[in-house]
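Here, residue 1 is the first one in the sequence, and each next residue gets the next number. All heavy atoms count here, side chains included; hydrogens, waters and symmetry mates do not. Counting starts at 1 for both ligands and their atoms, following the listed order.
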Amino acid sequence: MQFHLNGFQPGDPDIADPAARVQVSGATGVLPEEVDVLIVGCGPAGLTLAAQLAQFPEIKTCIVEQKPDRLLVGQADGIACRTMEMFYAYGFSERVLKEAYWVNETTFWKPDERTPEKITRSGRVQDVEDGLSEFPHVILNQARIHDCFLDVMRKSPAKLEPYYSRRVLDLHVDPAADATDHAVTVRLERVDAANAGKIEMIRARYVVGCDGARSTVRKSIGRGLHGDSANHAWGVMDVLAVTDFPDIRFKSLIQSAKDGSLLIIPREGGYMVRIYVELAKLDVGERVANRNIAADDVIAKAQRILKPHTLEVKEIAWWSVYEIGQRLTDKFDDVPEAEIDTRLPRIFIAGDACHTHSPKAGQGMNVSMQDAFNLGWKLAAVLRKQCAPSLLHSYSAERQAVAKELIDFDREWAGILASAAKAGGTDAAKTQDYFVQHGRYTAGTATHYRPSVLTGTATHQHLAEGLVVGKRFHSAPVIRLADAKPVHLGHAAQADGRFRIYAFSPVEDPAAAGSAIRALCNFLADSRKSPIRRYTPSSADIDNVIDLRGVFQQDHRELAVEAMPPLLLPSKGRYGLYDYEKMFCPDFKNGQDVFAMRGIDRKAGCIVVVRPDQYVASVLPLDDFAGLTSYFDAFMLPMN
Ligand SMILES: Cc1cc2nc3c(=O)[nH]c(=O)nc-3n(C[C@H](O)[C@H](O)[C@H](O)COP(=O)(O)OP(=O)(O)OC[C@H]3O[C@@H](n4cnc5c(N)ncnc54)[C@H](O)[C@@H]3O)c2cc1C
């Protein structure tokens, strides 16, 4: 897809008329007085959360934003493979794949040994290791990602729209309120010209501050961002430019002898490019605004770094100079560590409100969305009375640990770039090695939740070595039994708050009367202890809470759908129609055997439980019914 040839136009490039791409959006009228969840901020974190909660019309969600309308240009643009997997679950990965730039290879440039004032290419690597994810690493403006989430919200059962021009001033929790009360009172100010200064109040059961690095919500719960005071100023520009730099359509990391480093990120549409220029180290407590850096200064610096190549900027679509330190807050909710056993969280923070990163590793937007994905299903499960409210403690525990690891990585990566710069760019080989070795961090697939009530131990990991407990479910290609369609096993997971159980069959005939898969299905369908029976409302479809999928070792032509256990061919909906999409076989035609690819024990088979946010919760023997039951019993509330 090519666009922006004759100038940058924000919005959806599929809409021919540029004016129609930027129509005013948002909810009209006054705010609701009472909601289940109030989300503050329409950045990536707030919109990910809103799009998740919007799937449940029984949950009353409100999202507010101080800006007058949706974002149209600027800010982050890197989308990690793991984030693309999440976008699939939200239903818009294909749209992003079509519109985005794909980062297939990255090039490295350093000063030429004989004429160090000129840069020369020192290396070129594949950006993401083979097989890490079914999705590539892509680049698309944050504003377009926002649009995708806004679209999901608009079309969702809850039909959610943000309330713009509302600034949260402060919030107050009633300490005497019980778990079901709307205990948090929030004061907001209208900032649109017609209503400027008008104060509105809203009461919420839960408030989530997705309100960025200067978060009012974070301050209201007495938390701060701690960390690096050695801030760096960065210049960032999206430009349409004429250049003879040959790698302008590759992500390129350029280290010059004297002028610091520059990062080229080719952008969607085939012509635009983002340039990050490292400008200056700031003094402790200094703000970049004090330096009065102009767009021309950023361009001039970029031109010096790129020598002997030329860069003629024809149009600046967006630019910014900003300072970034690696900072983290110690807890992502309002409950002090010492009170975890006696208090339940009411107020959460997510995204930049809890952690900030340098743009070099492209983590800010990705980690922020993953925070919200982690919190969203948990809030929904508690509000829908599927899980006890104590589950909400796991959000801060899981995400604070992840953010800390990522910030340590980001600091190390920034240090490597800085030391290479100090050495006049001569450490390019070290930079390239580090980049390759740590690709899993930048791809977002390194996240590994520790054992907890939600995440089991590695006791039975040998049964599925490639589906690591605590890591995201690593999808693999399979053939759907009922219609021979090649699909991805992990794409069974939608952002719908459901758990998945993948039952991998031993080598035996799964249809046989005494097969292990049949025994598991019988237990899940009939036993009083079955988590499916215990936690699914009797009025709902059988896969409404826990979605069972079967994976067999035989070629799909060797098995008969009608001979399989009925739980894998459930009858659903008002007409009792069969759901034919629960059973899968290896894709032998393309040489892709999911059992071999994910290290599944062929003799024993296994059960893999996957959380609603796509993380592997547990790997169990196929006949460990007690283990399966006790996993869910630890945090779910019986329905029937
Ligand atoms: C100017 C700028 C440039 C950036 N450039 C890059 C980049 O080039 N590359 C990169 O990787 N990352 C960049 N980032 C960081 C990246 O955009 C963030 O990591 C990411 O957006 C974090 O998402 P978030 O949802 O947590 O917060 P944000 O995207 O910051 O969203 C927070 C939202 O909350 C709103 N808000 C704040 N306070 C209130 C309040 N009191 N009431 C109501 N609404 C409120 C804000 O207006 C904002 O829309 C940039 C950030 C900024 C601000």
Side-chain angles (χ1 to χ4, degrees), residues 31 38-51 62-80 83 139-143 145-146 149-150 162-171 186-191 200 202 207-220 225 233-238 263 265 267 274-278 288-289 298 317-327 329 332 348-373 375 399 403 406-407 410 442:
L31 288 176
L38 174 68
I39 302 167
V40 186
C42 279
L47 293 172
T48 306
L49 182 60
C62 175
I63 177 165
V64 292
E65 165 61 51
Q66 64 185 358
K67 291 184 188 141
D69 202 346
R70 70 192 229 258
L71 186 74
L72 285 174
V73 61
Q75 301 198 203
D77 56 9
I79 301 162
T83 304
I139 307 290
L140 183 63
N141 186 235
Q142 178 172 335
I145 302 302
H146 288 195
F149 278 118
L150 288 164
Y163 286 86
Y164 292 110
S165 300
R166 262 73 173 195
R167 179 179 298 137
V168 166
L169 297 175
D170 49 41
L171 33 108
V186 182
R187 210 162 58 94
L188 304 103
E189 178 189 9
R190 290 193 73 151
V191 288
E200 292 172 314
I202 186 165
V207 173
V208 188
C210 302
D211 49 346
R214 294 183 196 149
S215 170
T216 303
V217 178
R218 183 189 67 233
K219 287 173 201 150
S220 81
L225 281 177
W234 279 79
V236 49
M237 305 195 134
D238 294 341
L263 187 62
I265 308 282
R267 286 286 296 271
R274 169 164 290 193
I275 299 172
Y276 283 107
V277 187
E278 196 167 3
V288 70
V298 181
W318 175 80
W319 80 283
S320 169
V321 177
Y322 70 107
E323 70 266 314
I324 272 292
Q326 287 95 357
R327 297 181 184 196
T329 190
F332 291 8
F348 304 87
I349 46 177
D352 274 16
C354 329
H355 42 74
T356 60
H357 314 246
S358 81
K360 289 167 226 170
Q363 291 300 314
M365 173 164 70
N366 291 288
V367 184
S368 301
M369 290 188 278
Q370 294 294 338
D371 285 348
F373 196 31
L375 178 60
R399 294 309 297 175
L406 278 164
I407 279 174
D410 194 43
T442 31

**Message:** Contact between Met369 and Ile145 at the side-chain level, heavy atoms closer than 4.5 Å - yes or no?
**Reply:** yes
**Message:** Please tell me whether Thr356 and Asp352 have a donor and an acceptor in their side chains that are separated by less than 3.5 angstrom.
**Reply:** no
**Asked** For the residue pair His355 and Phe332, does the interplanar ring angle fall in the parallel (under 30°), tilted (30 to 60°) or perpendicular (over 60°) class?
**Response** tilted
**Request:** Below 4.0 angstrom from a heavy atom of Met365, which ligand 1 atoms are there? Numbered from 1 as shown, please.
**Result:** 19 (O)
**Element-labelled atoms of ligand 1 that are located less than 4.0 Å from some non-hydrogen atom of Val236** = 8 (O)
**Request:** For Arg399 and Ala372, indicate whether the former's side chain and the latter's backbone hold a donor-acceptor pair under 3.5 Å.
**Result:** no
**Request:** Indicate yes or no: does an N/O atom of Gln142 lie under 3.5 Å from an N/O atom of ligand 1?
**Result:** yes
**Request:** Output yes when the distance from some N or O of ligand 1 to some N or O of Val168 is under 3.5 Å, and no in every other case.
**Result:** yes
**Request:** Check whether any heavy atom of Trp234 sits under 4.0 Å from an atom of ligand 1.
**Result:** no
**Asked** Hey, is Cys210 touching ligand 1 through its side chain, its backbone, both or neither, going by heavy atoms under 4.0 Å?
**Response** backbone
**Asked** Contact between Arg274 and ligand 1, counting heavy atoms under 4.0 Å?
**Response** yes
**Asked** Between Asp211 and ligand 1, which part of the residue brings a heavy atom under 4.0 Å of the ligand: side chain, backbone, both or neither?
**Response** both
**Item:** Nearest candidate to atom 15 (C) of ligand 1, where distance is taken over non-hydrogen atoms, out of Asn366, Leu71, Asp352, Val64
**Value:** Asp352
**Message:** Using the side chain to side chain contact (heavy atoms under 4.5 Å, CB included) definition, which of the options His146, Arg267, Gln75 pairs with Asn141?
**Reply:** Arg267
**Message:** Please list, in number order, the atoms of ligand 1 under 4.0 Å from a heavy atom of Gly364.
**Reply:** 19 (O)
**Prompt:** Can Gly78 be said to touch ligand 1, with heavy atoms closer than 4.0 Å?
**Reply:** no
**Request:** Applying ring pair (Phe, Tyr, Trp, His ring centres under 6.0 Å), name anything that partners Phe373, two or more places apart in sequence or on another chain.
**Result:** Tyr90
**Request:** Below 4.0 angstrom from a heavy atom of Ala45, which ligand 1 atoms are there? Numbered from 1 as shown, please.
**Result:** 25 (O), 26 (O)
**Request:** Look at ligand 1 and say whether His357 reaches it with a heavy atom at a distance under 4.0 Å.
**Result:** no
**Request:** Say whether Tyr276, considering both its backbone and side-chain N or O atoms, lies within less than 3.5 Å of an N or O atom on ligand 1.
**Result:** yes
**Prompt:** Which atoms of ligand 1 have any heavy atom of Gly41 under 4.0 Å away?
**Reply:** 33 (C), 34 (O), 35 (C)
**Message:** Applying a heavy-atom cut-off of 4.0 Å, say which part of Gln75 lies close to ligand 1: side chain, backbone, both or neither.
**Reply:** both
**Request:** Provide the number and element of each atom of ligand 1 under 4.0 Å from a heavy atom of Gly351.
**Result:** 26 (O)
**Prompt:** For ligand 1, is any non-hydrogen atom under 4.0 Å from Leu169's backbone (N, CA, C, O), its side chain (CB onward), both, or neither?
**Reply:** neither
